[in-house]
Protein chains: 2
Amino acid sequence: MVKITDVARHAGVSPSTVSYALSGKRPISEETRQRIEDSIRELGYRPHAGARALASSRSNVLALVVPLRAGIHVPVVMQFAVSVVTTARRHDHDVLLLTQEEGEDGLRRVADTALVDALIVMDVQLHDRRLPLLRALDRPSVLIGFPAEPDGLTCIDLDFQAAGEVCVEHLAGLGHRVIALVGSPPEVYVRETGFAQRVVRGFTAAADRHGLSSSVHPCEAEPAAARQVAEQLLRERPALTGVVVHNEPIVEPLIDAFEQLGLRVPGDLSVTAICPDELAGRVPVPVTSVAIPSDEVGAGAVELLMKKLGGAAAPEATLLPPRLTVRESTGRRP
Amino acid sequence: MVKITDVARHAGVSPSTVSYALSGKRPISEETRQRIEDSIRELGYRPHAGARALASSRSNVLALVVPLRAGIHVPVVMQFAVSVVTTARRHDHDVLLLTQEEGEDGLRRVADTALVDALIVMDVQLHDRRLPLLRALDRPSVLIGFPAEPDGLTCIDLDFQAAGEVCVEHLAGLGHRVIALVGSPPEVYVRETGFAQRVVRGFTAAADRHGLSSSVHPCEAEPAAARQVAEQLLRERPALTGVVVHNEPIVEPLIDAFEQLGLRVPGDLSVTAICPDELAGRVPVPVTSVAIPSDEVGAGAVELLMKKLGGAAAPEATLLPPRLTVRESTGRRP
DNA sequence: AGATAGTGTCGAAGCGCTTCGACGGGGAAG
DNA sequence: CTTCCCCGTCGAAGCGCTTCGACACTATCT
């Protein structure tokens, strides 16, 4: 293994000079720097991560805690993780993967052993058990999602409430008067995952504001459940002409179900969804939707952490504004 | 921060004794060990990962390289990653997440900086560019999937060839004489990803062996493409009664398409798939399938690495035997 | 009884890097 | 012509842990 002293000798300088040339923490003459860089390339030098971490008390590793529970759309998680890794690399950091399963102990472990410099926690619940720990930890963290009390924490997510509102406003603008929200599985609401409830709040508030008749329907992430909800809606709310779906796996099955029940989309019924663009675009009837910007959330989370690691203050709440893309599933009220 | 010298002082022993008590690399009297453990608990001691890595030249971290390309079923990747993390933790290791995107440089970087002790590489292609590097690296690695020349490498995967065979044998046993394989998207074959071609090989060999008439049809992972293939099959091979699907996203759409074209499953047509059990079980007609055992592959990969890290030899090839689960989509030839 | 072999513990020497204080030399300011 | 300061570099002191050799003891064998 080639080490910093080898490089120093080869370049005719002291080890500390090599270190400073690499970190830029002290000025080094252009000429010396060049010589050092040549030596590094020639010898194939790579600083030892452990030694670096020990001496600098920075590991340049971020922890990412991913959820693995029911009701969470896996591709979104994956996309998010990839975006975190990519952004972290751009800041010369790596990403350690933790599962929810490890729980609080896992967080404490990687923080206390100085394995990681900072943490990103996904799937935060309204009353998440990890919050006190994250507040107490001596390393910065960023949460994806909003707990009930975000004080002292840094959170980022799509503004789901605004997303719900935007969908309703789009429908209201097209003249619809009777609308419904087909939401996530009941357990998602029961365990109080903030984002699902925020959608409901936005949906309801906007509907009330516009004087629309609205209703909310949780739904399992199964085609069969989607069909049941569709039947129930036709039965109980025959005047319905607008639907907002917040449940990735059933966007397509639900539309199918409506069509099989004789409703044309968007002819008889307008449908909008809150889901990844990629999903919205590649179904038989491309769906007007508010995107879930996993990329931006992931990148944003890393940027926030970098800011905190740099000693700067980060805003407590970062809400990404919803962006509605009009596709073919919505039209004027028939 | 509490360090090993603090623990030593508190327990009235020397730091090295604490270290040996922790690692078990030298015998420590029961009494002393107890005293040390008490001190550790009382002080809340956690060894510093970097210091440990530096002194022992072991980071206790594994690298996991995940693919992010088209034609790869995301939930399988995720499930696999979770299984790797879980198993690694059981061996007191953590997992660093790398994306394919980083390529060979990424592998070299984490290996050369001693950030990780070993590597797991997913989505290996027949002529993968990373193979020479993996062979040359001074740390052990395990590949998920089989390249054309596995010499000197350690590989693990489902035995896809046998999986193809098992499906055919199941159909042959039910009396079917004309069968088809609906496969992965064309680009998967073009870029020579081993597993897809192995399925074809197993499928074809078994069909020939049983004197069946067989054909192979690559298919994009889109419902529309599935429908096209279904129509084409009805047109060109009207005597068809058995189908093997190796393409997760279209298992359900393909069956739908057949049924909409007037074929009952399994009444007129038997369908088997090679896909995760979870998918096979939760479609309208539960599908007879060979499972993709992500859990076992992930766990197996980690176990192999641990063996290699322990200095033991690991087999070059580990092929997990296919397991066929009979569900409702297959029956005797009409 | 003396030699032999374990046991259980300690001290010291690193592992490879960063960082702090120091210092020589040149230019600007007085 | 001093004095002061900044630039570029060096040496040395750690960062917190593991590990090697040594050593004192007890147990076992002749």
Side-chain angles (χ1 to χ4, degrees), chain A residues 1-37 39-40 43-61 92 109-117 138 309, chain B residues 1-37 39-40 43-61 92 109-117 138 309:
Chain A
M1 180 192 204
V2 27
K3 38 198 172 195
I4 203 170
T5 52
D6 300 329
V7 175
R9 195 174 324 116
H10 188 272
V13 297
S14 81
S16 52
T17 304
V18 176
S19 177
Y20 285 125
L22 245 36
S23 70
K25 292 189 180 171
R26 284 205 184 169
I28 297 290
S29 71
E30 186 45 38
E31 185 197 330
T32 310
R33 182 203 305 298
Q34 195 54 57
R35 214 152 14 95
I36 291 175
E37 276 171 15
S39 298
I40 287 178
L43 301 180
Y45 167 69
R46 297 281 200 164
H48 186 290
R52 207 186 253 257
L54 177 56
S56 68
S57 46
R58 279 298 185 97
S59 66
N60 276 33
V61 174
D92 196 30
R109 182 175 60 81
V110 296
D112 287 356
T113 60
L115 227 194
V116 307
D117 294 337
D138 58 337
L309 283 173
Chain B
M1 180 191 202
V2 29
K3 39 197 171 195
I4 202 170
T5 51
D6 299 330
V7 175
R9 196 174 323 114
H10 188 272
V13 297
S14 81
S16 52
T17 302
V18 176
S19 177
Y20 285 124
L22 244 37
S23 70
K25 292 190 179 171
R26 285 205 184 168
I28 297 291
S29 71
E30 186 46 39
E31 185 198 330
T32 311
R33 183 203 307 297
Q34 196 53 59
R35 212 149 19 91
I36 292 176
E37 276 171 17
S39 299
I40 288 179
L43 301 179
Y45 168 68
R46 297 281 200 164
H48 186 288
R52 208 188 254 257
L54 178 56
S56 68
S57 45
R58 280 298 184 99
S59 67
N60 275 33
V61 174
D92 195 29
R109 181 175 60 81
V110 295
D112 287 355
T113 59
L115 226 193
V116 307
D117 295 336
D138 59 335
L309 282 173

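Sequence lines set the chain letters: A, B, ... in the order given, protein chains first and strands last, and positions in each chain run from 1.
Scanning all heavy atoms of the two residues, the minimum distance from A:Val13 to A:Arg35 falls at CG1-NH1, 4.2 Å. What you find for A:Ala53 and A:Ser59 is that their closest heavy atoms are CB-CA, 4.0 Å. Here the shortest heavy-atom pairing between B:Ala21 and B:Arg33 reads O-NH1, 3.6 Å.
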Under 3.5 Å between N/O atoms: give me all the protein pairs with nucleotides 21-27 of chain D, atom names plus distance.
unit_1, atom_1, unit_2, atom_2, d
D:dG21, N7, B:Arg26, NH2, 3.3
D:dG21, O6, B:Arg26, NH1, 2.2
D:dG21, O6, B:Arg26, NH2, 3.4
D:dA22, N6, B:Arg26, NH1, 3.4

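For the pair A:Ile40/A:Leu22, a side-chain contact is recorded, criterion being any heavy-atom separation below 4.5 Å from C-beta on. No side-chain heavy atom of B:Val61 sits under 4.5 Å from any side-chain heavy atom of B:Leu115.
Between its two ends, the helix from C:dA1-D:dT30 to C:dG30-D:dC1 turns its axis by 30°, counting five pairs per end and rounding to 10 degrees.
A salt bridge links A:Asp6 to A:Arg9: at least one charged side-chain nitrogen sits closer than 4.0 Å to a carboxylate oxygen.
For the atom pair A:Leu54 CG and B:Arg52 CZ, the distance stands at 13.0 Å (nearest 0.5 Å). Rounded to the nearest 0.5 angstrom, A:Thr5 OG1 and A:Tyr45 OH are separated by 8.5 Å. A distance of 5.0 Å separates NE2 in B:His48 from CE in B:Met1, rounded to the nearest 0.5 Å.
Annotation: proximity of residues 11-18 of chain B to DNA chain C (heavy atom, distance under 4.0 Å) is found for B:Gly12, B:Val13, B:Ser14, B:Ser16, B:Thr17, numbered in ascending order.
Among residue pairs with one or both ends in residues 12-21 of chain B, none qualify as salt bridge (charged side-chain N to carboxylate O under 4.0 Å, His left out); sequence neighbours excluded. Within the structure, side chain to side chain donor-acceptor pair (under 3.5 Å) pairs that include any residue of residues 11-26 of chain B comprise B:Ser14-B:Ser16, B:Ser14-B:Thr17 (at least two apart or interchain).
The 5' end of DNA chain D is approached more closely, in terms of each residue's nearest nucleotide, by A:Leu54 than by the other of B:Leu22 and A:Leu54.
B:Thr32 comes within contact range of the sugar-phosphate backbone alone, with a heavy-atom separation under 4.0 Å but no base atom that close. The residue A:Pro27 sits close to a base: some heavy atom pair falls under 4.0 Å. Residue contacts shown for B:Ser29 are limited to sugar-phosphate atoms, with no base heavy atom under 4.0 Å away.
Protein chain B touches strand DNA chain C; the 5'-most and 3'-most nucleotides with an atom under 4.0 angstrom of its non-hydrogen atoms are C:dG8 to C:dG16.
Checking A:Asp92, A:Val116, A:Leu309 one by one against A:Asn60, the side chain to side chain contact (heavy atoms under 4.5 Å, CB included) holds for a single residue, A:Asp92.
B:Arg46 places no side-chain N or O within 3.5 Å of a backbone atom of A:Thr113 that could act as its donor or acceptor partner.
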